[in-house]
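Report on the following structure.
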Amino acid sequence: MGAYWGPRKESPEDCARRTAEFLTLLASCDPLLAHWYKPARTRQEARKSPLMPPELATLTESFRRGVNREKGGPAIEQLGFTFWFGNGGARGEDVDLRITCGDHGGATPNSCVMTLPSRGANAERLITAPMLVGVLRSMTQAWDPDWALATSWDHRAAMGETPRAGGFVGWVTYLPRRRGTVPPLPAPVRIEPVENRGTLIVLAPERLTASNPEHVERGRRVGELLARAGMLEPVVD
């Protein structure tokens with residue numbers, strides 16, 4: 001899952017406020033998403049430094065430490081700040097978050113990327129259309145992205161030779177109102193409004209897989225319709 005947006009100058013304090021809002025919204029989605037920890041050498045050590053409930057001072061300092069810089073050189077503030085942390089679960093059953101915020105150089109998009117569990121009960125519970133819709137809604141409310149989606153790496157690859165952020169559709173895709181108006185889409189594709197911000201597009205109520213030709217064709221067809229409406233431009237050139 002990931003939310004992406006173009007150049008936006010923001011301070012470490014701004015990034016911290018958005019992160020605190022996001023973590024608070026996530027906590028209401030599922031118990032697994034209510035526990036987060038600062039990075040550490042081991043998972044045991046990480047559990048000694050919880051990030052919940054979110055404290056702005058702690059998050060601000062974490063982003064300050066994640067300023068981009070050349071080795072031994074000064075901070076390159078136009079490249080923003082990066083903070084990578086997780087929820088301390090067993091490998092393969094955990095969730096990680098990587099946030100890049102405040103980049104106003106325009107070379108790469110800002111982003112909030114979440115890797116979901118790949119196995120176990122957590123994966124079975126989280127990787128469903130209703131859960132992904134809820135989490136993606138939280139992402140869009142906190143980060144106001146130019147594009148966001150939830151999908152598998154295999155499905156992403158099936159959408160084109162070099163799919164770029166903002167240029168294809170996933171299982172669940174978010175497009176803000178500023179990108180235009182979503183055209184009529186074929187059933188069983190479902191659309192849901194996100195307050196006054198934009199629209200969520202759900203390709204399938206069941207689990208979307210790249211091994212299902214119907215799912216792949218549906219994703220390409222919906223992508224074509226959105227591209228014709230001018231809504232699938234890459235987030236950055």
Side-chain angles (χ1 to χ4, degrees), residues 1-118 122 126 135-136 138-150 153 165-166 235-236:
M1 302 188 69
Y4 300 82
W5 58 100
R8 183 192 293 164
K9 187 174 183 178
E10 295 185 285
S11 67
E13 290 82 2
D14 295 328
C15 299
R17 281 192 293 270
R18 288 186 183 274
T19 300
E21 179 183 1
F22 180 46
L23 295 184
T24 300
L25 290 169
L26 277 182
S28 65
C29 293
D30 186 88
L32 183 67
L33 306 178
H35 305 280
W36 301 95
Y37 302 91
K38 292 178 66 175
R41 289 177 298 177
T42 67
R43 293 173 187 272
Q44 289 75 19
E45 287 185 19
R47 287 185 171 274
K48 299 176 183 178
S49 303
L51 289 171
M52 296 294 285
E55 295 181 354
L56 289 179
T58 298
L59 293 171
T60 297
E61 180 59 24
S62 296
F63 277 106
R64 281 206 179 99
R65 290 176 177 271
V67 67
N68 284 280
R69 66 173 72 241
E70 293 185 5
K71 188 175 182 179
I76 310 174
E77 292 195 2
Q78 66 265 33
L79 297 183
F81 314 91
T82 299
F83 184 28
W84 194 341
F85 56 101
N87 73 337
R91 190 159 308 275
E93 301 177 14
D94 59 342
V95 182
D96 285 328
L97 270 170
R98 182 182 177 92
I99 300 170
T100 297
C101 176
D103 186 321
H104 55 282
T108 58
N110 293 286
S111 61
C112 173
V113 177
M114 175 186 290
T115 58
L116 296 177
S118 59
N122 289 336
L126 289 180
V135 174
L136 209 60
S138 298
M139 273 190 177
T140 62
Q141 289 174 338
W143 298 104
D144 187 23
D146 294 321
W147 174 79
L149 91 167
W153 288 109
V235 171
V236 297

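When a residue number appears, it is its place in the shown sequence, counting from 1.
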- Query: For Y4 and V236, what are the C-alpha separation, side-chain angles and deciding distance, and is it a side-chain contact (heavy atoms from CB on, under 4.5 Å)?
  - Reply: CA-CA 9 Å; Y4 300 82; V236 297; over 6 Å; no
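- Looking at heavy atoms from C-beta onward, L97 lies out of side-chain contact with T19 at the 4.5 angstrom threshold.
- Heavy-atom minimum distance, C15 versus F81: SG-CD1, 4.2 Å.
- Closest heavy-atom contact between V95 and P117: CG2-CD, 3.8 Å.
- The two atoms that bring M52 and A34 nearest to each other are CG-O, 3.5 Å, heavy atoms only.
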- Message: Go through it in stages, so that I can follow the logic: the residues are R98 and T82, the test is side-chain contact (heavy atoms from CB on, under 4.5 Å), and I'd like the CA-CA distance, side-chain angles, deciding distance and then a yes or no.
- Response: CA-CA 7 Å; R98 182 182 177 92; T82 299; 3.8 Å; yes
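- To the nearest 0.5 Å, the span separating CH2 on W36 from CG on D96 amounts to 7.5 Å.
- Residues F85 and F83 place their aromatic rings such that the two centres sit under 6.0 Å apart.
- Between F22 and W143, the two ring planes are perpendicular [angle over 60°; tilted spans 30° to 60°].
- Here the CE atom belonging to M1 is positioned 6.0 Å from the CG atom belonging to L116, to the nearest 0.5 angstrom.
- Closest approach of V135 to L33, counting heavy atoms only: CG2-CD1, 3.8 Å.
- If you take CG on D30 and CG on L126, they are separated by 5.0 Å, rounding to the nearest 0.5 Å.
- Note: S118 OG to D94 CG = 8.0 Å, rounded to the nearest 0.5 Å.
- Under a cut-off of 6.0 angstrom, the local environment of CD in E77 is sparse, with at most 12 non-hydrogen atoms contributed by other residues, nucleotides or ligands.
- Shown here for C29 and S138, the closest heavy-atom pair between the two residues is SG-OG, 3.6 Å.
- Taking both residues in full, the closest heavy atoms of L25 and Q141 are given as CD1-OE1, 3.6 Å, listed atom of the first, atom of the second, then distance.
- Using modelled atom types, one side-chain atom of N110 and one backbone atom of G6 make a donor-acceptor pair closer than 3.5 Å.
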- Query: Passes side-chain contact (heavy atoms from CB on, under 4.5 Å), R8 versus D144? Steps please.
  - Reply: CA-CA 11 Å; R8 183 192 293 164; D144 187 23; 4.0 Å; yes
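- Within the model, atoms CZ of R18 and CE of M139 stand 14.0 Å from one another, a figure rounded to the nearest 0.5 Å.
- Between atom CD of residue Q78 and atom NZ of residue K9 there is a gap of 9.5 Å, rounded to the nearest 0.5 Å.
- Applying the side-chain hydrogen bond (donor to acceptor under 3.5 Å, both in side chains) test to pairs two or more places apart or on separate chains, those with a residue in residues 52-62 are E55-T58, E61-R65.
- Contact annotation: the side chain of C101 never approaches that of D14 to less than 4.5 Å [non-hydrogen atoms, C-beta and beyond].
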- Message: I'd like to know whether L26 forms a side-chain contact (heavy atoms from CB on, under 4.5 Å) with M114, so could you lay out the CA-CA distance, the side-chain angles of the two residues, the decisive distance to 0.1 Å, and finally the verdict.
- Response: CA-CA 11 Å; L26 277 182; M114 175 186 290; 3.6 Å; yes
